[in-house]
Amino acid sequence: MRDISLQLLAWYDANAREMPWRVPPNARQNGTLPDPYAVWMSEVMLQQTTVAAVREYHNKFMALWPSVHDMAAADDADVMAAWAGLGYYARARNLLKCARAVVADHGGVFPADYAVLLTLPGIGPYTAAAIASIAFDLPETVVDGNVERVMARLFDIHDPLPKSKPVLTARAKQLTPDTRPGDYAQAVMDLGATICTPRNPSCGACPWQQPCAANAAGTAAELPKKTPKKKTPTRHGIAYVVQRADGALLLETRPASGLLGGMLGWPGSEWGDAPEPAPPLDANWQTLNEQARHTFTHFHLRLTVMVAKVDARAQARRGSFVAAPDFDAGALPTAMRKVFDIAAPTLRNT
DNA sequence: CATTCGTGGTT
DNA sequence: TAACCAAGAAT
C-alpha cells in the first residue's frame, strides 16, 4: 500500500509547484524546513482560497509583519485593511488572536504538535495537520478538498460528501508515509490541484493512474459526489455615501462578529427583502441608478447607493468621518468597494 | 450536524 | 447568467 505513496513523492520531486512560502523538495531533502510562521500564514490564507489569490497577500503580509512577534504587536485595523479583498474576514481576526496566543502562551514559537496547534484560534484539523507536516515534518495527514477528491477517486467511493468525510480521512491516513510526510502532504494537494482536478481530470498524466479504482471503473469525473445545496436567495439593502465639504467620507467599522465583521463599510440599512431606510444623517439624498451587486457564499446582495454632500459642521448619528487623504478604497471589503466605485463619479461631479 | 462566512475565476 | 469551485473554521 505504501509504495504508491512513494510513487507520488517521486512525481512531486519532478512536478512540485513553486510557491513563495514553500521549500522545494530537493532543499527539504537536504534538511531545510520552511519558517513555521510563513507556513501558518499561507495555510490560513489558503483556507477556501486559491493559490493565485493568496500569493500577493502572503508577500504583503510577510513584508509588513515578518515575524509572529510583529503580527502579535500589529494594529488590528491595519491587519483588517491589509486583508481587505481576500474574504472570510474571521481569518484575519483569528490571525491576530493566534499570533498573540503564540507569543503569550508559547514563547513566540509555533508548537510542533498537532493537538496543541489545534487549540489555537483559526487553526482547525486541516491547518493543524498542514503546519505539523509541512513546517515540522511530523507524520500528520492533511485532508482538504483536494485530498477528499483524490481519495474518493483512488478508492472509487460513491458516498456523498460531507457524510463520507470520515471514510476519506481514514483512507488518507493509511497512505501517509513515515518518511517525508511534509512533502507527501504537499504532493497530494498538488496532485489534486493540477491532475486530479474537479472537472476533466488528466488521468493519463496521473502517477496514480494504475492503482486508481475510479480510473478503472471510468467514474473519476463524477467523483466525489456531494449532497446538493439549496440555491442562494437575494437580499436587498441601502448604502449611504456621505461626503463632507472638506472631502471627508462617513464610514463605520462593522461589528466584530458576523458578515464582514471588523471591516470598514458604509453606513446602511439592514439587508433583507424590503429594507427600511436608515440614513446616518439628514441631508438631501440622491439615489443613484446603478445598484451594487455582490454575491456572498449564501446570498446575493443588491445595494441601492444613496449619495449626499454635507457641510463641514455636519454631525452623523453613527459612523465617523475619514479625512480624504486617509481614505483608501483598497481597505474596504469588495461589496463596499463596489458601492464606492458607483458613487465616486457623482462625488467628483458635485 | 447544519449554517455562517468572501471572493474571483471557470464553465 | 447561474452554478460551481478553492490548501476550512467556528458556532
Side-chain angles (χ1 to χ4, degrees), chain A residues 16-17 19-22 38-58 80 83-95 97-98 117-135 140-150 161-166 169 172 182 184-194 196-201 221 224-235 254-263 265 271 293-301 332-338:
Chain A
R17 303 170 73 190
M19 300 175 198
W21 51 86
R22 177 180 277 188
V39 172
W40 162 72
M41 182 79 70
S42 72
E43 292 302 339
V44 171
M45 289 182 168
L46 285 164
Q47 292 165 6
Q48 295 291 285
T49 308
T50 59
V51 171
V54 165
R55 283 182 188 276
E56 62 178 300
Y57 281 89
H58 192 271
M80 298 311 289
W83 196 276
L86 195 56
Y88 284 141
Y89 298 99
R91 294 184 296 172
R93 304 193 297 270
N94 285 330
L95 201 70
K97 287 183 191 171
C98 183
L117 287 165
L118 202 52
T119 68
L120 292 167
I123 297 183
Y126 164 76
T127 305
I131 296 171
S133 61
I134 296 171
E140 302 291 348
T141 302
V142 295
V143 183
D144 71 331
N146 289 305
V147 176
E148 290 172 353
R149 183 172 59 257
V150 170
L161 281 165
K163 183 170 161 289
S164 60
K165 172 137 186 173
T169 299
Y184 177 79
Q186 296 175 94
V188 190
M189 293 190 285
D190 275 17
L191 184 73
T194 63
C196 196
T197 51
R199 281 170 293 201
N200 303 318
K225 307 246 183 208
K226 298 188 177 179
T227 54
K229 29 191 151 176
K230 23 183 167 178
K231 44 179 81 170
T232 57
T234 298
R235 296 181 194 171
R254 299 173 60 84
S257 65
L259 191 74
L260 308 182
M263 297 298 289
W271 299 347
R293 303 177 62 150
H294 189 73
T295 299
F296 295 98
T297 305
H298 51 295
F299 66 94
H300 302 293
L301 177 64
L332 298 173
T334 300
M336 298 297 170
R337 184 184 52 72
K338 288 178 178 175

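The analysis underlying the following values was restricted to heavy atoms, covering all of them including side chains, and did not include hydrogens, waters or symmetry mates.
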Carboxylate-amine/guanidinium proximity below 4.0 Å for A/Arg149 and A/Asp144: no

C1' gap between C/dT11 and B/dC1, integer Å: 11 Å

Under 3.5 Å donor-acceptor pair, A/Thr49 side-chain atoms to B/dG6 base atoms: yes

A/Gln48 side chain near C/dG8 phosphate (N/O to OP1/OP2, under 4.0 Å): yes

A/Arg22-A/Gln186 side chain donor-acceptor pair, cut-off 3.5 Å: yes

Sugar-phosphate only, base, or nothing, as touched by A/Met263 at under 4.0 Å among non-hydrogen atoms: nothing

Between C/dA6 (P) and A/Gln47 (CD): distance, integer Å: 15 Å

Donor-acceptor under 3.5 Å (A/Arg254 side chain, A/Leu259 main chain): yes

Distance below 4.0 Å between A/Tyr89 side-chain N/O and B/dT7 OP1 or OP2: yes

A/His300 vs A/Val51, nearer the 5' end of DNA chain C by closest nucleotide: A/His300

Sugar-phosphate, base or nothing in reach of A/Gly261, heavy atoms under 4.0 Å: nothing

Qualifying residues under salt bridge (charged side-chain N to carboxylate O under 4.0 Å, His left out), relative to A/Lys225, sequence neighbours excluded: A/Glu222

Sugar-phosphate only, base, or nothing, as touched by A/Gly192 at under 4.0 Å among non-hydrogen atoms: nothing

Which nucleotide in C/dA7, C/dA6, C/dC4 has an atom nearest any side-chain atom of A/Met189: C/dA7

Sugar-phosphate, base or nothing in reach of A/Arg149, heavy atoms under 4.0 Å: sugar-phosphate

Separation of atom OH in A/Tyr57 from atom P in B/dG6, rounded to whole Å: 13 Å

Nearest-angstrom distance from the residue atom NZ of A/Lys165 to P of B/dA2: 14 Å

Touch class at under 4.0 angstrom, heavy-atom based, for A/Ser42 against every strand present: nothing

Residue pair A/Ile131 / A/Ile123, side-chain heavy-atom distance below 4.5 Å: yes

Atom P, compared across B/dT4 and C/dA7: separation rounded to whole Å: 24 Å

Donor-acceptor pair (no angle test) under 3.5 Å: A/Tyr126 side chain, C/dG8 base: no

Rounded distance in Å - CG (A/Leu301) to P (B/dG6): 12 Å

Separation of C/dA10 P from A/Leu120 CG (nearest whole Å): 10 Å

Touch class at under 4.0 angstrom, heavy-atom based, for A/Pro162 against every strand present: nothing

Touch class at under 4.0 angstrom, heavy-atom based, for A/Leu86 against every strand present: base

Sugar-phosphate, base or nothing in reach of A/Lys230, heavy atoms under 4.0 Å: sugar-phosphate

Heavy-atom donor-acceptor pair, A/Thr127 side-chain to C/dG8 base, under 3.5 Å: no

Proximity to the side chain of A/Arg199 - top-ranked nucleotide from B/dG6, B/dT10, C/dA7: B/dT10

